[in-house]
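Everything below concerns the one structure shown next.
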Amino acid sequence: MREFYINKNFKYLKECLYGTNETEEKEYLAKIYIEEKDYLKAASIYSQLNFRYELGRCTLLSGNLKEAKKIWLSIKEDNPATLWGKSLIEFIDLYVTRIPTFFQIRAFLEVDLDAMLNANLITYCENIVNGAHLFAQNNQESYKFIGRVFVNNEYFDLAELFLQKAKDICYVDPEVHFMLAKCHMHNGDKERAISSLKTSLEKGYGYYPAKKMLKKLMEDKHV
């Protein structure tokens, strides 16, 4: 776990795990392939393990929407992951009949949107975020989740659009103001960044990331 999550020593782990028959070890091998964006190899492992949800997700990340839809719709057992997958397909298809629950959105939206951005599935991402207002019906933090994905992937202009909506709904959330400050800094607007950071500190009772960033900005300002 240390080599995977902290050191990210994937080459070493692949050598250790190659040819394993242990289910848990195969799962780690599949996760390594996902990190390396080799979605088809990961899908092959999940197919061997008969992990249908994970197989569908890797198939989707490889860009094969039609096959991913077929796999996920073939799953008869309902659980939060499979229900989320079936809803996600509808958002990508722009024909939504079921909105995911509060907890499904919290557990999966940010992770899968980030994965699809990293897989360069831009159209899929556009279709999903165009349904942000639908996600927000069941989870008001949806705009924040989407904005955070765009900040982390340095799509700051898009991030600001969603974070402004998040601010309108969750003004007391210090992280929203902190991420807006990052957007303002990207656009070279230090004064707005400082203002957002002060609001973050006010709402977050000394929210540490904002405190640290504000301190640096003020020091740079007086250099």
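Positions are given from 1, in the same order as the sequence printed here.
- Note: the hydrophobic cluster containing M116 also contains F135 (ILVMFWY, side chain heavy atoms under 4.5 Å, direct or indirect links).
- Atom NZ of K165 is separated from atom CD of Q140 by 14.0 Å, given to the nearest 0.5 angstrom.
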**OP:** I would like to know whether L113 and C125 meet side-chain contact (heavy atoms from CB on, under 4.5 Å); could you show each step before the answer?
**Re:** CA-CA 6 Å; L113 182 60; C125 295; 3.9 Å; yes
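- E90 and T97 share a side-chain donor-acceptor pair at under 3.5 Å.
- Under the side-chain contact (heavy atoms from CB on, under 4.5 Å) test applied with P100, the options L83, I105, L88 reduce to a single match, I105.
- Among pairs with a residue in residues 52-81, those fulfilling ring-ring contact (aromatic ring centres under 6.0 Å, His included) read Y53-W72, at least two apart in sequence or across chains.
- A donor-acceptor distance shorter than 3.5 angstrom exists from the side chain of K86 to the backbone of I75, with no hydrogens or angles considered.
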**OP:** Show the numbers, then the answer: is there a side-chain contact (heavy atoms from CB on, under 4.5 Å) between L134 and F91?
**Re:** CA-CA 10 Å; L134 298 176; F91 277 85; 4.0 Å; yes
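- In this structure a side-chain-to-backbone donor-acceptor pair under 3.5 Å is present from N139 to E141.
- A single hydrophobic cluster is seen to contain both F162 and L109, as judged by linkage of ILVMFWY side chains at heavy-atom distances under 4.5 Å, directly or through other members.
- Within the 4.5 Å cutoff, side-chain heavy atoms of C183 are placed close to those of V151.
- Between E36 and K11, no side-chain nitrogen of the basic residue sits less than 4.0 Å from a carboxylate oxygen of the acidic one, so the salt-bridge criterion is not met.
- Put simply, the side chain of Q164 never gets that close to the backbone of L161: no donor and acceptor are under 3.5 Å apart.
- By the 4.0 Å N-to-carboxylate-O rule, D173 lies close enough to K144 to be salt-bridged with it.
- Residue pairs that meet the ring-ring contact (aromatic ring centres under 6.0 Å, His included) test with at least one member in residues 18-46, sequence neighbours left out, are F4-Y28.
- Note that CD1 of I92 and CG of D112 are 8.5 Å apart. Values are rounded to the nearest 0.5 Å.
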**OP:** Could you check Y143 against H133 for side-chain contact (heavy atoms from CB on, under 4.5 Å), going step by step and ending with a plain yes or no?
**Re:** CA-CA 8 Å; Y143 291 116; H133 62 291; 3.6 Å; yes
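- Between D114 and R148 there is no salt bridge, since none of the side-chain N atoms of the basic residue sits less than 4.0 Å from a carboxylate O of the acidic one.
- Tracing side-chain contacts under 4.5 Å through hydrophobic residues (I, L, V, M, F, W, Y), one never reaches M179 starting from Y208; they form parts of separate clusters.
- Counting heavy atoms of neighbouring residues, nucleotides and ligands inside a 6.0 Å radius, atom CZ of F102 exceeds 12 of them.
- In this structure, OG on S142 lies 8.5 Å from CD1 on I169, to the nearest 0.5 angstrom.
- Between F150 and Y155, the ring planes are perpendicular. Angles over 60° get that label, and only those under 30° would be called parallel.
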